[in-house]
2 protein chains.
Amino acid sequence: MSKSDSTRYGDSLAFLLSQLGAQSAAMFAQQIAPTGVTPRQFALLSHLAVGGPKSQQQLADLLGIHRNNMVDLVDAMEGADLVERVRDQVDRRAFEIHPTAEGMAAVAQINALVPALDAEIAGQLSVKQRHALIDTLRGLADHLGLDAAVHPSVAGRQRSKP
Amino acid sequence: MSKSDSTRYGDSLAFLLSQLGAQSAAMFAQQIAPTGVTPRQFALLSHLAVGGPKSQQQLADLLGIHRNNMVDLVDAMEGADLVERVRDQVDRRAFEIHPTAEGMAAVAQINALVPALDAEIAGQLSVKQRHALIDTLRGLADHLGLDAAVHPSVAGRQRSKP
DNA sequence: TATTGTTATACTCTATAACTATA
DNA sequence: TATAGTTATAGAGTATAACAATA
């Protein structure tokens with residue numbers, strides 16, 4: 001029997017990734033906490049910043065959460081002047097969610113925090129090594145079919161298919 | 001300005017790690033679900049398997065959860081015949097939590113699932129590349145002060161210091 | 001007085017069903 | 001009838017305080 005047959009979970013790639021992933025997500029949440037924007041709110045704003053206004057239903061699909069849970073999320077963000085609800089004139093059932101100037105500024109502000117966070121996580125890796133690592137990880141993410149735009153930890157656990 | 005100054009979170013090391021970490025944790029939970037053992041229960045059993053019997057308080061510290069929450073966890077595991085409570089004869093306030101034969105078998109059974117899980121995550125990486133990746137990730141984990149024995153995602157969010 | 005395990009309560013997050021208004 | 005948004009309720013998971021038994 002080779003050594004790899006006796007791999008314990010604590011020594012595995014799966015464990016290391018989940019451990020580092022949880023830590024990275026926690027560090028990101030802590031870094032952006034002073035802005036008053038939660039990771040999920042940031043994910044929503046990022047979609048608006050890149051793809052333009054979207055309905056609550058569309059955003060729910062993009063974030064991997066349920067339509068119902070969008071209500072409180074948008075309520076909170078509207079209350080914080082990060083987005084505004086605009087009645088869709090074509091389909092008057094729906095709202096278009098528009099980012100405010102403040103919302104767009106928050107996205108830029110948070111994206112500006114990313115290089116320092118990455119440097120903290122990368123530790124003593126050289127720039128070359130860090131980019132090689134990012135390429136490798138992106139390959140794994142692609143192979144697993146992970147959407148480059150969706151942060152899985154902002155979504156719930158398992159959702160039943162409709 | 002170089003390109004790295006305009007890094008968006010979606011392109012960052014932090015995002016990739018949290019995305020892959022959440023996916024890895026979900027895959028692990030799904031793989032072990034048929035055994036009826038939850039990731040947190042597996043973490044507890046792993047500590048017993050490696051370090052021998054421990055009190056609920058000690059296990060709570062190791063798992064990064066609160067003493068109070070150990071009660072239901074041990075209740076459920078005792079009900080599933082994975083562990084048993086043995087009154088500590090030296091300190092009669094405490095229980096020694098002992099793994100049962102069934103509990104030890106579950107640990108072995110779950111550890112045996114790890115190589116296939118790692119292979120699924122590693123995708124088309126060569127064995128050499130996979131080991132290089134694991135070494136790199138372990139270096140990051142060490143640098144971030146992550147305990148090799150503790151799975152952060154089994155712990156709660158932030159706990160206030162007593 | 002401090003600690004182990006326990007119970008009870010509250011708060012957050014999420015899942016589900018049912019309602020309204022539009023289509 | 002189907003869909004977008006809403007509301008209400010229930011269920012996990014966790015945090016906090018307080019209690020009994022023991023140290």
Side-chain angles (χ1 to χ4, degrees), chain A residues 22 25-26 29 33 36-44 53-79 83-98 150-162, chain B residues 22 25-26 29 33 36-44 53-79 83-98 150-162:
Chain A
V37 177
T38 68
R40 175 168 288 181
Q41 291 175 351
F42 172 72
L44 191 156
K54 305 209 177 323
S55 71
Q56 295 184 189
Q57 176 67 66
Q58 290 173 320
L59 288 168
D61 290 342
L62 287 168
L63 268 57
I65 66 179
H66 196 278
R67 179 164 44 103
N68 303 2
N69 299 325
M70 286 298 304
V71 180
D72 286 349
L73 179 59
V74 174
D75 281 352
M77 293 180 73
E78 202 170 28
V83 299
E84 56 183 353
R85 277 186 246 242
V86 179
R87 194 52 92 172
D88 187 323
Q89 292 307 322
V90 184
D91 184 345
R92 290 168 45 77
R93 295 170 300 181
F95 287 115
E96 283 184 339
I97 308 301
H98 288 255
V150 176
H151 195 153
S153 69
V154 305
R157 301 167 195 282
Q158 291 94 307
R159 276 155 297 120
S160 54
K161 290 296 175 187
Chain B
V37 178
T38 67
R40 174 168 290 184
Q41 291 176 352
F42 172 72
L44 191 156
K54 303 209 177 325
S55 71
Q56 295 184 190
Q57 176 66 66
Q58 288 173 322
L59 288 168
D61 290 342
L62 287 168
L63 268 56
I65 66 179
H66 196 277
R67 179 165 46 104
N68 304 3
N69 299 324
M70 286 297 305
V71 179
D72 286 349
L73 179 59
V74 174
D75 282 353
M77 295 179 72
E78 203 169 27
V83 299
E84 55 182 355
R85 279 186 244 241
V86 179
R87 192 55 87 173
D88 187 322
Q89 292 307 322
V90 183
D91 184 346
R92 290 167 47 76
R93 296 170 300 181
F95 287 114
E96 281 184 339
I97 308 302
H98 288 254
V150 176
H151 194 151
S153 69
V154 305
R157 301 166 196 282
Q158 291 94 308
R159 276 157 295 120
S160 54
K161 290 296 176 187

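Each chain gets a letter, A, B and so on, in the order the sequences are listed, and its residues count up from 1.
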Undergrad: With sequence neighbours left out, what residues match Glu84(B) under side-chain hydrogen bond (donor to acceptor under 3.5 Å, both in side chains)?
TA: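 Listed in chain order: nothing, the list is empty.
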Undergrad: Just so I know, are the side chains of Ile97(B) and Arg85(B) near enough to count as touching, which here means a heavy-atom distance under 4.5 Å?
TA: yes
Undergrad: What nucleotide, of dG5(D), dG5(C), dT14(C), holds the atom closest to the side chain of Ala94(B)?
TA: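 Looking only at heavy atoms from C-beta outward on Ala94(B), the closest nucleotide is dG5(C).
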Undergrad: Could you check how far CE of Met70(B) sits from P of dT3(C), rounded to whole Å?
TA: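 For the pair Met70(B) CE and dT3(C) P, the rounded distance is 19 Å.
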Undergrad: May I ask you to say what Arg85(A) touches in the nucleic acid, namely base, sugar-phosphate or nothing, with a heavy-atom cut-off under 4.0 Å?
TA: sugar-phosphate
Undergrad: Under 4.0 Å from OP1 or OP2 of dT4(C): is there any side-chain N or O of Gln58(B) that close?
TA: no
Undergrad: In whole Å, I'd like the distance from the CG atom of Asn69(A) to the P atom of dG11(D).
TA: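 Distance, rounded to whole Å: 17 Å.
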Undergrad: Main chain of Arg93(A), side chain of Arg87(A): is a donor-acceptor contact present, judged purely on distance under 3.5 Å?
TA: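 Between the backbone of Arg93(A) and the side chain of Arg87(A) there is a qualifying donor-acceptor contact (under 3.5 Å).
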Undergrad: Using atom CD of Gln57(A) as one end and atom P of dA23(C) as the other, report the distance to the nearest whole Å.
TA: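 Taking CD of Gln57(A) and P of dA23(C), I get 17 Å after rounding.
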Undergrad: Which residues satisfy the salt bridge (Lys or Arg N to Asp or Glu O under 4.0 Å) test with Asp88(A), sequence neighbours excluded?
TA: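 If we apply the salt bridge (Lys or Arg N to Asp or Glu O under 4.0 Å) test to Asp88(A), skipping adjacent residues, there are no hits.
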Undergrad: Please check the phosphate of dA4(D) (OP1 and OP2 only) for any side-chain N or O of Gln56(A) closer than 4.0 Å.
TA: no
Undergrad: For Ile65(A) and dG5(D), what is the distance between atoms CD1 and P respectively, to the nearest whole Å?
TA: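 Ile65(A) atom CD1 is separated from dG5(D) atom P by 12 Å.
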Undergrad: How long is the line joining CG of Leu73(B) and P of dG13(D), in whole Å?
TA: 10 Å
Undergrad: Please give, in whole Å, the distance from dA8(D) C1' to Asp72(A) CG?
TA: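 Asp72(A) atom CG is separated from dA8(D) atom C1' by 11 Å.
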Undergrad: If I take atom CD from residue Gln56(B) and atom CD from residue Glu96(B), how far apart are they, to the nearest 0.5 angstrom?
TA: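 Rounded to the nearest 0.5 Å, the CD-CD separation comes to 12.0 Å.
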Undergrad: Of the listed nucleotides (dT14(D), dG5(C), dT16(D)), which one gets closest to any side-chain atom of His66(B)?
TA: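 The nucleotide sitting nearest to the side chain is dT16(D).
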Undergrad: Which parts of nucleotides 18-23 of chain D does protein reach within less than 4.0 Å, heavy atoms only, written one letter per nucleotide 5' to 3' as B for base, S for sugar-phosphate only and - for none?
TA: ---BBS
Undergrad: Please round to the nearest 0.5 Å and tell me the distance separating atom CG of Leu62(A) and atom CD of Gln57(A).
TA: 10.0 Å
Undergrad: State which of dA4(D), dT14(C), dT6(C) makes the closest approach to the side chain of Phe95(B).
TA: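 The nucleotide sitting nearest to the side chain is dT6(C).
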Undergrad: For residues Arg92(A) and Gln89(A), report the shortest heavy-atom separation together with the two atoms involved.
TA: CG-O, 3.9 Å
